[in-house]
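Proteins get letters first, then strands, A, B, ... in listed order; numbering begins at 1 in each.
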Protein chains: 2
Amino acid sequence: MGFTDAITALVPFSEDELNDILNHFKTKAVSKNEILVHEGEVCKYLYFIEQGMCRSYYLNENQKDITQWFFSNGKFMSSADSFFQKKPSLYYLEVLEDSVLYFISKDNLEILFAKYPKMEKLGRLVITEMLSNVVHKLNAIQFQTARERYDYMLAEFPDIAYQVSLGHIASYLGMAQETLSRIRNHDASH
Amino acid sequence: MGFTDAITALVPFSEDELNDILNHFKTKAVSKNEILVHEGEVCKYLYFIEQGMCRSYYLNENQKDITQWFFSNGKFMSSADSFFQKKPSLYYLEVLEDSVLYFISKDNLEILFAKYPKMEKLGRLVITEMLSNVVHKLNAIQFQTARERYDYMLAEFPDIAYQVSLGHIASYLGMAQETLSRIRNHDASH
DNA sequence: CTCACTTTTTGATATAAGTCAAAAATAAAT
DNA sequence: ATTTATTTTTGACTTATATCAAAAAGTGAG
């Protein structure tokens with residue numbers, strides 16, 4: 001799903017409005033392993049993944065890298081807290097494969113918010129969607145077995161399983177990577 | 001923290017604006033065990049807890065009641081997804097002790113959104129805060145031991161520990177209630 | 001105050017999943 | 001192509017926490 005499709009799916013805009021909105025975004029190609037936002041720095045942009053795959057992660061007390069979220073085609077991505085409140089980000093944003101992104105600064109977004117009330121609604125919808133995704137994952141993590149969590153992921157984000165390394169997925173699902181490996185092989189059926 | 005204080009802490013409004021906003025809310029006293037929203041019904045209001053304690057919960061596949069979130073003094077509460085998108089709620093909202101609430105309908109909120117651009121900002125901030133709280137809890141749940149999760153709760157929501165039943169807290173923290181009981185007693189001092 | 005009901009505690013046991021360590025398989029680099 | 005590095009798999013062992021069951025403590029109604 002392209003950028004304009006994704007937007008109009010959430011809030012209907014006219015052709016002219018869409019063009020104006022689009023002009024406040026920039027676009028760029030980014031390569032695998034690029035870090036878009038470092039922990040501790042303010043996340044300056046709201047991104048949209050036109051094509052590709054990224055993730056957010058943090059380092060826990062033992063410096064272990066924990067994947068927090070995957071962002072694939074057609075999704076908005078940001079370190080939301082940091083971006084909206086100009087606070088230091090608690091997370092890294094990393095590019096997992098060569099990708100094409102749209103992005104907009106806070107200032108430009110504010111201009112759009114002021115100009116188009118419908119944009120505020122769009123902003124709220126994007127965050128509400130993030131919230132409901134995170135809540136959904138929390139429910140999955142909180143009371144399900146490792147295998148059920150993996151099944152949840154396959155159902156929710158089928159593409160991730162084939163594009164992302166085992167270790168990233170394991171930490172995302174809150175299990176040891178050995179466990180995920182065994183789930184995938186040993187009892188690959190059911 | 002009272003209602004007007006909570007609002008002005010997030011976004012500055014004039015005296016007159018505040019009064020107008022307040023007039024779009026209603027207030028009521030609710031009693032312990034009252035269900036404000038049932039699963040499957042659309043959540044019609046955004047609530048503010050002036051005084052008291054509530055929770056959201058759902059029933060899992062085995063009909064076990066799982067607490068999802070606690071809402072105490074000075075917090076906004078809603079089944080956010082349901083309220084903003086008029087979808088059936090996935091959760092129940094329940095009153096845990098006699099409470100005093102402010103609440104506003106979607107229509108009235110839309111009126112305020114249209115009238116005061118700052119209100120849109122308030123809406124976004126409220127949801128962003130919910131998002132960051134949920135993300136924080138997810139991180140706590142995902143890789144911490146039962147005892148660490150309890151400590152997280154004590155640090156984050158100290159009041160809950162003394163007002164809410166053991167079973168509700170245990171399901172909120174994703175552990176068996178026997179486990180929580182043992183944590184509280186046996187090794188109460190680490 | 002007593003009886004019924006709910007919640008919490010304690011004990012014994014089972015098990016899912018973590019940890020440690022090393023081998024195998026893939027991918028990247030010279 | 002070989003070598004070096006990274007990722008995944010496999011095995012043996014440990015442990016935190018769930019489950020089951022029953023006793024104890026607490027709460028509320030009549």
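Here the C1' atom of nucleotide D/dT7 and the CG atom of A/N33 are 14 Å apart, to the nearest Å. Rounded to whole angstrom, the span from the CD atom of B/Q163 across to the P atom of C/dT7 amounts to 17 Å. Put simply, NZ on B/K64 is 12 Å from P on D/dC20, counting in whole angstrom units. At whole-Å resolution of the value, CG in A/D65 and C1' in D/dT6 are 14 Å apart. Taking atom CD1 of residue B/I183 and atom P of nucleotide C/dT8, one finds them 15 Å apart after rounding to whole Å.
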N/O donor-acceptor pairs under 3.5 Å from side chains in residues 96-109 of chain B, not counting sequence neighbours:
residue, atom, partner, partner atom, Å
B/E97, OE1, B/Q163, NE2, 2.9
B/E97, OE2, B/Q163, NE2, 3.3
B/D98, OD1, B/K32, N, 2.9
B/S99, OG, B/M53, N, 3.2
B/S99, OG, B/E97, O, 2.5
B/S105, OG, B/N108, N, 3.1
B/K106, NZ, B/F84, O, 3.4
B/K106, NZ, B/E110, OE2, 3.0

Could you list the donor-acceptor pairs under 3.5 angstrom formed between side-chain atoms of residues 41-49 of chain B and any protein atom two or more places apart in sequence or on another chain?
none

Original post:
What is the per-nucleotide protein-contact pattern of nucleotides 18-27 of chain C, from the 5' end, where B denotes a base atom under 4.0 Å from a protein heavy atom, S denotes such proximity for sugar-phosphate atoms only, and - denotes neither?
Top reply: SBBB------
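The salt bridge (Lys or Arg N to Asp or Glu O under 4.0 Å) contacts involving residues 47-72 of chain B comprise B/R55-B/D65, B/R55-B/E94, where partners must be two or more places apart or lie in separate chains.
Residue B/N185 places at least one side-chain N or O closer than 4.0 Å to OP1 or OP2 of C/dT10.
Within the hydrophobic cluster formed by Ile, Leu, Val, Met, Phe, Trp and Tyr side chains joined at under 4.5 Å, directly or through other members, B/Y92 is accompanied by B/I35, B/Y57, B/L59.
Taking five base pairs at each end of the helix from C/dC1-D/dG30 to C/dT30-D/dA1, the local helix axes there meet at an angle of 50°, rounded to 10°.
Side-chain atoms of B/S56 do not come within 3.5 Å of backbone N or O of B/L93 as any donor-acceptor pair. The main-chain N or O of A/N19 is found under 3.5 Å from a side-chain atom of A/N23 such that the two form a donor-acceptor pair.
B/K75 forms no cation-pi arrangement with B/F70, by the criterion of a distance under 6.0 Å to the ring centre and an angle within 45° of the ring axis.
Salt bridge B/K118/B/E17: present, at least one basic N to carboxylate O contact under 4.0 Å.
Looking at which nucleotide of DNA chain D each of B/K32 and A/H168 is closest to, the 5′-most match is held by A/H168.
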